[in-house]
J.: 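Mind looking over this structure? Questions follow.
Order of appearance sets the numbers: ligands from 1, and atoms from 1 within every ligand. Values reported hereafter were calculated over all heavy atoms of this structure, with side chains retained and with hydrogens, waters and symmetry mates removed.
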Amino acid sequence: MKEFLNFINGEYVKNVSGKMFDDINPVNGQVIGKIYEAGRPEVDAAVAAAKAALKGDWGRISVVERAKLLDAVAGEINRRFDDFLQAEIADTGKPASLASHIDIPRGAANFQIFIDTIKSTATESFNMRTPDGKTALSYGVRVPRGVIAVVCPWNLPLLLMTWKVGPALACGNTVVVKPSEETPATATLLGEVMNAVGMPKGVYNVVHGFGPDSAGAFLTSHPDVNGITFTGETRTGSAIMKAAADGVRPVSLEMGGKNAAVVFADCDFQVTIDTLTRSCFENAGQVCLGTERVYVERPIFEKVVAALKERAESMKPGLPFEKDTKIGPVISKEHQEKVLGLYKSAKDEGATIVTGGGVPDMPEELKGGSWVQPTIWTGLPETATVVTEEIFGPCCHISPFDSEEEVLGKVNANRYGLATAIFTQDISRANRLAHQIEVGLCWINAWFLRDLRTPFGGSKQSGIGREGGVHSLEFYTELRNVMVKF
Ligand SMILES: NC(=O)c1ccc[n+]([C@@H]2O[C@H](COP(=O)([O-])OP(=O)(O)OC[C@H]3O[C@@H](n4cnc5c(N)ncnc54)[C@H](O)[C@@H]3O)[C@@H](O)[C@H]2O)c1
Ligand SMILES: O=S(=O)(O)c1ccc(CO)cc1
C-alpha cells in the first residue's frame, strides 16, 4: 500500500496528529494508499518554509538561472513520464490514451511555457520633464508576490496544478500546494522531481487534506500567504474569497461552468460530431470546459441527436490501459451518487432519455468502481435542473433552436460563463455571436484548443481573473514603479 506524505522544505513528512485518510482507485473502489492529513502544524511549517525560501538562494538567483531550473523540472517530468502516468491513472481511473496525450505532457509543458513569457515580457517606461528643468525616468519592475497557495481539483490533477505552479515559480514566488484529497499522487511525486533537479528547499511544498477545518482552510486563511490561486467549485471559491479578505490577499479563481455548444445547420457535420463527442464525454465529462448544453439549429436537430447517440453508445468503459477503453469512471462514489442523482432528476422532470441514464454493466471485478453511462437527454425546458446546474459527468441535453437571437438568449441565461463552442461555416456569424456570448473562452469549430499564451478564465460565476501568458504575470507578480530624477 502506498503512503502519501506531505512535502515540506524539501522533505517528505508525516504529521503530528497521526490522522490519515484513504486514497481510492475509482476503477474498482479499492484503497490503494494512505494519505497523511496536514493539520495546522504542517501547514504552518510549509508556509514558513516557503517564506524562508524567498529570502534564500531562490530569492537571489537570476531569471536565467530560474528558467534553467524550471526547464530541468519539465525534463525530469518527461524522463519519469511513466511514473507520472501510473500515478495519475491510479488516482483518477482515466484512460491511459487520454492521460498520456494531455495530462502528463501538459504537466511538463506548463513549466516551459512561462520561462519564455517571463524572459520576453517587458515593463513600461516613461520619460518626463521635471518642474526644475531636469529629467525623470519612470520604469516598472515586476517583483514576486511571495508565498502562493495553490488549491487544486481532481479532474486534471497534474495539468491544473502545474498550470499555476509553473508561472508562480517562473515569477520567483514560492508555493504551498493543496492537491485534491481525491488525487494526492502526482503533486507528491513532483516533490521528488524538485529535489532531483536541485530546486532550493521550501520553494515547492505540498500539504494534503480536505477543505473546511483541514489543510485547505488552514492554508487559505494563513496570514503569511500572499496570494491564493484556486481551481474548483464556485461555492468553494466563494469560501476562499472570504478567507482571503482577511489580510486583503489577492485571489485568482477558476470555477464551475455550464458550457453550451451552438450548432448551426451549415456546420461541417463530421467535425461537429467528432468535437462534441470529446467535449461532452472526454474524461467522463469531468472537464470544466466540457459541454453540457447543446443547442442545434432545427433542420439538423434529429440528425445531430442520432449521431451523438451512436458515439455515446460506442464509448466503451473499461480499465485505463486496455486499448479499446474510451471512458473511465467518475472520480469517486460520492461524485457518482451526485451525477446519478442528477440523471434521476432529468427523468423526474420529464426528459426523453436518448441514451444512458444509469450505471453500465461492468465485469464483476470492476463493479465496485464509480461508473456512469454516457447520457443524452432531449425535451427538457431551459429551467430543468440538468439544463441549469453543473453536473460534471458524461452527459448533455440537446435542444433545437430557430434563430441566432433565440440561441444567444438561451446560452447567456445561466449564472456561469466559462466556455462555448460554436459550429458553423459562416465565420461572420460565428464571430458576431462570440462577441456577445458571456464567457471567458469561445471556440469556433473547435474545443479545448489551447494556446498557452492566451488568457484563460471565466466570466460571471465561473471565475475571477485570467491566467495564461502575460496574464499569469499579472497575478503572480506585483508591478513596482521606480522613478529616477537626473
Ligand atoms: N474553471 C476552471 O478552470 C476549472 C477547472 C477544473 C475544475 N473546475 C471546477 O472544479 C469542480 C470540481 O473539482 P472539485 O470537486 O475538486 O472542487 P472543490 O471545490 O470541491 O475542491 C477543490 C479544492 O478545494 C479544496 N477545498 C474545498 N473546500 C475548501 C475550503 N473551504 N477552503 C480551502 N480549500 C477548500 C478541496 O480540498 C480541493 O483541493 C467543478 O465545479 C469544476 O467545474 C473548474
Ligand atoms: O488552460 S489549460 O491549462 O489548458 C486548462 C485546461 C482545462 C481546464 C479545466 O479543466 C483548465 C485549464
J.: Could you tell me whether atom 21 (O) of ligand 1 has a protein heavy atom closer than 4.0 Å?
T.: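 There is no protein heavy atom less than 4.0 Å from atom 21 (O) of ligand 1.
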
J.: Just to confirm my output: which protein heavy-atom neighbour is closest to atom 41 (O) of ligand 1, and how far is it?
T.: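 Looking only at protein heavy atoms, the one closest to atom 41 (O) of ligand 1 is Glu390 OE1, 2.7 Å.
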
J.: Pick whichever of Val177, Leu441, Thr236 has a heavy atom sitting closest to atom 18 (P) of ligand 1.
T.: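 The nearest heavy atom belongs to Thr236.
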
J.: Please answer whether the main-chain N or O of His222 pairs with a side-chain N or O of Arg249 as donor and acceptor at a distance below 3.5 Å.
T.: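 Looks like yes, one N/O pair under 3.5 Å.
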
J.: Should the proximity of Thr234 to ligand 1, defined as any heavy atom under 4.0 Å, be assigned to the side chain, the backbone, both, or neither?
T.: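 No part of Thr234 comes within reach of ligand 1.
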
J.: How about Tyr36 and Glu3: does a side-chain donor come under 3.5 Å of a side-chain acceptor?
T.: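 Tyr36 vs Glu3: donor-acceptor pair found between side chains.
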
J.: Looking only at protein heavy atoms, which one is nearest to atom 12 (C) of ligand 1, and what is the separation?
T.: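 Result for atom 12 (C) of ligand 1: Phe392 CE2, 3.7 Å.
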
J.: Are any of the side-chain nitrogens in Glu389 or Lys258 under 4.0 Å away from the carboxylate oxygens of its partner?
T.: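 No.
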
J.: Lys410: what forms a side-chain contact (heavy atoms from CB on, under 4.5 Å) with it, not counting sequence neighbours?
T.: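 Result, side-chain contact (heavy atoms from CB on, under 4.5 Å) vs Lys410: Tyr295, Glu382, Glu406.
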
J.: With sequence neighbours excluded, give me every side-chain hydrogen bond (donor to acceptor under 3.5 Å, both in side chains) pair touching residues 435-457.
T.: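 Counting only pairs at least two positions apart or across chains, the side-chain hydrogen bond (donor to acceptor under 3.5 Å, both in side chains) contacts touching residues 435-457 are Glu438-Lys460, Arg450-Thr454, Asp451-Arg453.
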
J.: Taking only non-hydrogen atoms of Ser180, do any sit less than 4.0 angstrom from ligand 1?
T.: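 The answer is yes: ligand 1 sits under 4.0 Å from a heavy atom of Ser180.
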
J.: Glu182: what forms a salt bridge (charged side-chain N to carboxylate O under 4.0 Å, His left out) with it, not counting sequence neighbours?
T.: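 With sequence neighbours excluded, Glu182 shows a salt bridge (charged side-chain N to carboxylate O under 4.0 Å, His left out) to no residue whatsoever.
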
J.: Look at atom 23 (C) of ligand 1 and say which protein heavy atom is nearest, naming residue and atom and giving the distance to 0.1 Å.
T.: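 I find the closest protein heavy atom is Cys152 O, 3.2 Å.
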
J.: As a quick check of understanding, evaluate side chain to side chain donor-acceptor pair (under 3.5 Å) for Ser252 and Glu467, giving each step before the final call.
T.: CA-CA 8 Å; Ser252 173; Glu467 296 195 32; 2.6 Å; yes

J.: Look at ligand 1 and say whether Gly463 reaches it with a heavy atom at a distance under 4.0 Å.
T.: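 Heavy atoms of Gly463 never come under 4.0 Å of ligand 1.
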
J.: Checking contacts here: is it the side chain or the backbone of Val287 that comes within 4.0 Å of ligand 1, counting heavy atoms only? Could be both or neither.
T.: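 Val287 to ligand 1: no contact under 4.0 Å from either part.
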
J.: Please compare Cys288, Pro184, Ala149 and report which has the shortest non-hydrogen distance to atom 5 (C) of ligand 1.
T.: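 Of the listed residues, Cys288 has the closest heavy atom.
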
J.: For ligand 2, give me the residues whose heavy-atom distance to it is below 4.0 Å, by chain and number please.
T.: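 Heavy-atom contacts below 4.0 Å: Arg106, Asn155, Leu156, Leu159, Leu160, Trp163, Val287, Cys288, Leu289, Phe448, Arg450, Phe456.
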
J.: Do the side chain of Thr162 and the main chain of Asn110 share a donor and acceptor less than 3.5 angstrom apart?
T.: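 No.
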
J.: Which heavy atom of the protein is the closest neighbour of atom 34 (N) of ligand 1, given with residue, atom name and distance?
T.: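 Looking at atom 34 (N) of ligand 1, the protein heavy atom closest to it is Gly216 CA, 3.6 Å.
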
J.: Check for a donor-acceptor pair, side chain of Asn25 on one end and backbone N or O of Val27 on the other, with a separation under 3.5 Å.
T.: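 A pair under 3.5 Å: yes.
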
J.: Suppose we measure from atom 15 (O) of ligand 1 to each protein heavy atom; which comes out shortest, and what is that distance?
T.: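 Checked against all protein heavy atoms, atom 15 (O) of ligand 1 sits closest to Trp154 NE1, 2.9 Å.
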
J.: Which class fits the ring pair Trp377 and Tyr343: parallel under 30°, tilted 30 to 60°, perpendicular over 60°?
T.: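 It falls in the perpendicular class, over 60°.
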
J.: Looking only at protein heavy atoms, which one is nearest to atom 17 (O) of ligand 1, and what is the separation?
T.: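 Nearest neighbour among protein heavy atoms for atom 17 (O) of ligand 1, to 0.1 Å: Glu233 N, 3.4 Å.
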
J.: Quick one: look up the protein heavy atom nearest atom 44 (C) of ligand 1 and list residue, atom name and how far away it is.
T.: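 Checking every protein heavy atom, the shortest distance to atom 44 (C) of ligand 1 gives Met255 O, 3.1 Å.
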
J.: I'd like to know if Pro179 contacts ligand 1, where contact means a heavy-atom distance under 4.0 Å to any ligand atom.
T.: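 Heavy atoms of Pro179 do come under 4.0 Å of ligand 1.
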
J.: Just jot down the ligand 1 atoms closer than 4.0 angstrom to any heavy atom of Val151, in number order.
T.: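 What qualifies from ligand 1 is 23 (C), 24 (O), 25 (C), 34 (N), 39 (O).
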
J.: Do Cys171 and Leu473 pass the side-chain contact (heavy atoms from CB on, under 4.5 Å) test, and can you show the C-alpha distance, the side-chain angles, and the key distance before you say yes or no?
T.: CA-CA 7 Å; Cys171 291; Leu473 304 195; 3.4 Å; yes

J.: Need the ligand 1 atom indices (1-based, order shown) with element for anything under 4.0 Å from a heavy-atom of Phe230.
T.: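 Matching atoms, with element in brackets: 19 (O), 22 (C), 23 (C), 24 (O).
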
J.: At less than 4.0 angstrom from any non-hydrogen atom of Ala217, what atoms of ligand 1 do you find?
T.: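 Under 4.0 Å from Ala217, ligand 1 has these atoms: 32 (N), 33 (C).
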
J.: For atom 13 (O) of ligand 1, what is the closest protein heavy atom, and at what distance to 0.1 Å?
T.: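 Among all protein heavy atoms, the one nearest atom 13 (O) of ligand 1 is Pro153 CB, 3.4 Å.
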
J.: Is it true that the NZ or CZ of Arg145 lies under 6.0 Å from the centre of Phe475's six-membered ring and within 45 degrees of the ring axis?
T.: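 Checked: cation-pi criterion met.
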
